[in-house]
Amino acid sequence: TLGELLYACNENRLIALKGFGHKSQLDLKKKIEYHLQSKGKFHYATLEADAFELLRIIQKQFPNAMVDFTGELRRKCVILKKIELIIGIDTEIDALFSHKKITLTDQKENKYALVTPNGFSAIVYHYPAAQFGSKQFLHTGSPAFLKAVVAVNENVDFANLATEEAVFAKANLPFIAPELREEARIIEYVKAHAHPVLVEESDLKGVIHNHTTYSDGLHTLREMVEYTKSQGYEYIVITDHSKSAFYANGLKPDRVLEQMAEIDALNEELAPFKIYKGIESDILNNGDLDYETDILEKFDFIIASVHSNLKMTEEKATARILAAVKNPFTTMLGHPTGRLLLSREGYPLDHKVIIDACAANNVSIELNANPYRLDLDWRWIEYATQQGVRISINPDAHSKEGIHDMHFGVLAARKGKLTKEMCFNAMGKTELEAFLAKK
């Protein structure tokens, strides 16, 4: 079992086996510990559909009730343990538990434990309507956030308030978006600044970071382009894998030129919609990009990403990425740490050094919106934007449907206070072309 294997690592049993040494044993131990710590946790995207279905069931059953998400789900945390909802209604809610798609597993006072249609855990809190605002505020905020509010409102009674707006008014605070109720310092931030106008999905004008059948995508260039156009976007940036990514059918120079010719033809056909010639260039071990200058200079857009040799020290990883950021052909840094949520920790990185270098070299940073990545981590967005670095919410789409992952990227970006003004792909086509011309 995994537990026995972890014990064997702790007892140095693996070192005696052929092909293992102290370093490989330590690496395996860390991976097992990471896996065990992640058990019982889910990507936000995994639970979202069930959460909305449960919400619809409750709203249909109790049309006059106040019903909403709460807890980590409402804060749009990238990793969740369960679905949480809250109901404000003065009647009993027992009728809910006779619904064929819901299984009640436990009940203690106002807290009901359920199993959703797909077998996920959910909690429903039930309170009288007059307490809804107070209880929603209490269940939504992280412990650190709630402690900070109480610290500046000693002896203030927040009980029995029907709306959250009333709670914030009593705390002498502007209404703080649920996504931002994660850290204590947001209290002082909103006192010193206006509440940021957070980016919305409707702000996004273009789709950056897309793969086609030229490399490892499921759909052809034309299919990706026409689908993106049909969704109302102004442009798409095609960024198939570069030549070193042999495992992903990376493009050798002749295929790069072939794709560029096809893009030229599609641009003529589909104008004013615009297709930009890009590449997701592997950052090589020494920090170089994955083509010679004569090919690099032909691209409109280059996302520089690490895909190989991920076992790096912080010093090695930082130096490698720093070299790529300083390359004059780099437009954007892709998924900066290489993490896979609940599966693989990202390589260690000196984020400040990298972000500062991006600012100095006019390089933007990707928030990879794939719900298994969401990398750059939202906690670094504020520092990046303070340095003048724009964040791009990119789907890393390997299919037409993958474009919609930008939804999850927007949720994560909002936790980091990203605004429309500092979101790279909130730029329209005209503004983007002006940016690329300066680059």
Side-chain angles (χ1 to χ4, degrees), residues 43-46 48 78 199 201 204-221 223-225 227-228 231 233 235-242 244-245 247-251 259 275-283 289-290 299-308 310 321 324 330-344 346-347 349 363-378 380-381 384 390-413 416 418 423-426:
H43 301 97
Y44 176 91
T46 301
E48 186 186 58
V78 300
V199 67
E201 284 186 64
L204 305 184
K205 304 299 184 188
V207 184
I208 298 169
H209 197 161
N210 302 279
H211 298 268
T212 74
T213 51
Y214 271 92
S215 64
D216 59 346
L218 287 181
H219 294 106
T220 65
L221 174 60
E223 287 171 332
M224 291 296 289
V225 167
Y227 185 75
T228 301
Q231 299 302 299
Y233 293 103
Y235 58 88
I236 185 172
V237 181
I238 299 296
T239 52
D240 277 303
H241 285 286
S242 62
S244 290
Y247 51 86
N249 194 27
L251 278 63
Q259 185 182 73
I275 310 148
Y276 293 97
K277 302 167 185 174
I279 199 76
E280 186 180 16
S281 177
D282 269 32
I283 300 174
L289 299 185
D290 195 17
F299 292 111
D300 299 318
F301 205 105
I302 294 177
I303 298 176
S305 304
V306 170
H307 291 112
S308 59
L310 304 183
I321 292 175
T330 298
T331 314
M332 185 175 291
L333 175 62
H335 45 73
T337 73
R339 76 179 185 183
L340 292 175
L341 293 166
L342 300 181
S343 297
R344 181 177 75 205
Y347 38 79
L349 202 61
V363 170
S364 299
I365 299 177
E366 171 181 87
L367 193 170
N368 190 295
N370 184 305
Y372 298 101
R373 286 191 183 271
L374 295 173
D375 181 20
L376 181 75
D377 187 275
W378 64 265
W380 284 104
I381 291 175
R390 291 195 185 196
I391 304 298
S392 190
I393 300 171
N394 298 347
D396 196 355
H398 286 68
S399 67
K400 295 184 296 185
E401 295 75 20
I403 287 169
H404 298 294
D405 279 350
M406 291 201 294
H407 164 71
F408 304 111
V410 169
L411 301 184
L418 186 65
C423 178
F424 188 94
N425 55 322

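In this text, all values refer to a predicted model and were calculated from it rather than measured experimentally.
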Quiz item: Is the shortest heavy-atom distance from the side chain of Leu374 to the side chain of Leu367 under 4.5 Å?
Solution: yes

Quiz prompt | Partners meeting ring-ring contact (aromatic ring centres under 6.0 Å, His included) with His407 (sequence neighbours left out) | solution = none

Quiz prompt | Inter-residue atom distance Asn210.CG - Thr239.OG1, 0.5 Å rounding | solution = 6.0 Å

Exercise. Check whether any side-chain heavy atom of Arg344 lies under 4.5 Å from a side-chain heavy atom of Arg339, and answer yes or no.
Key: no

Quiz item: Taking all atoms of both residues into account, what is the closest heavy-atom pair of Met332 and Phe301, and its distance?
Solution: CE-CZ, 3.6 Å

Self-check item: Gln259 and Leu251, any side-chain heavy atoms less than 4.5 Å apart
Solution: yes

Quiz prompt | Distance, nearest 0.5 Å, that separates CD1 of Ile238 from NE2 of His209 | solution = 10.5 Å

Quiz item: CZ of Arg390 to CG of Leu418: how many Å apart, nearest 0.5 Å?
Solution: 10.5 Å

Quiz item: For the residue pair Ile393 and Ala413, what are the closest heavy atoms and their distance?
Solution: CD1-CB, 3.8 Å

Practice problem: Determine the minimum heavy-atom distance between Pro371 and Ala45, stating which atoms define it. | Solution: CB-CB, 3.5 Å

Self-check item: Atom pair CD1/CG of Ile321 and Leu349 - distance to nearest 0.5 Å
Solution: 4.5 Å

Practice problem: Would you check if the side chain of Thr330 reaches a backbone N or O of Ala324 as a donor-acceptor pair within less than 3.5 Å? | Solution: yes

Self-check item: Over all atoms of both residues, closest heavy-atom pair of Trp378 and Ala412
Solution: CB-O, 3.3 Å

Quiz item: Atom CZ in Phe408, atom NE2 in His43: separation rounded to 0.5 Å?
Solution: 11.0 Å

Quiz item: Ignoring hydrogens and geometry, is there a side-chain-to-backbone donor-acceptor pair from Arg373 to Leu340 under 3.5 Å?
Solution: no

Exercise. Keeping the roles fixed (side chain from Tyr347, backbone from Pro336), state whether a donor-acceptor pair exists under 3.5 Å.
Key: yes

Exercise. Using modelled atom types only, decide if a donor and an acceptor are shared between the side chain of Ser242 and the backbone of Asp282 within a distance under 3.5 Å.
Key: yes

Quiz item: What closest approach, in Å, do Phe424 and Tyr235 show between heavy atoms, and which atom pair accounts for it?
Solution: O-OH, 4.3 Å

Self-check item: is_close_aromatic(Tyr227, His404), centroid dist under 6.0 Å
Solution: yes

Quiz item: Does the side chain of Asp405 reach to within under 4.5 Å of the side chain of Asp396, using non-hydrogen atoms?
Solution: no

Quiz item: Asp300: what forms a salt bridge (charged side-chain N to carboxylate O under 4.0 Å, His left out) with it, not counting sequence neighbours?
Solution: none

Practice problem: Examine distances only and state if a side-chain atom of Asp290 and a backbone atom of Ser281 form a donor-acceptor pair shorter than 3.5 Å. | Solution: no

Quiz item: So, for Gly206 and Asn425, which heavy atoms are closest and what is the spacing to 0.1 Å?
Solution: O-ND2, 3.1 Å

Practice problem: For Asp377 and Thr337, run side-chain contact (heavy atoms from CB on, under 4.5 Å): C-alpha distance rounded to whole Å, both residues' side-chain angles, the deciding distance at 0.1 Å, then the answer. | Solution: CA-CA 9 Å; Asp377 187 275; Thr337 73; over 6 Å; no

Self-check item: Sub-4.5 Å side-chain heavy-atom contact between His219 and Glu401
Solution: yes

Quiz item: Checking Asn249 side chain against Tyr214 main chain: does a donor-acceptor pair fall under 3.5 Å?
Solution: yes

Quiz item: Taking side chain as C-beta onward, heavy atoms only, is His335 less than 4.5 Å from Glu280?
Solution: yes

Exercise. Indicate whether the side chain of Asp240 and that of Thr212 have a donor and an acceptor atom separated by less than 3.5 Å.
Key: yes

Quiz prompt | Side chains of Tyr247 and His307 in contact at under 4.5 Å (non-hydrogen atoms) | solution = yes

Quiz item: Only one of Ile279, Leu333, Asn394, Asn368 clears side-chain contact (heavy atoms from CB on, under 4.5 Å) with Ile303; which?
Solution: Asn394

Practice problem: Sort out for me which residue in Ile208, Leu204, Ile365, Val237 forms a side-chain contact (heavy atoms from CB on, under 4.5 Å) with Ser392. | Solution: Ile208

Practice problem: Can you sort out the partners of Asp216 under side-chain contact (heavy atoms from CB on, under 4.5 Å), two or more places apart, ordered by chain and number? | Solution: His211, His241, Ala248, His398

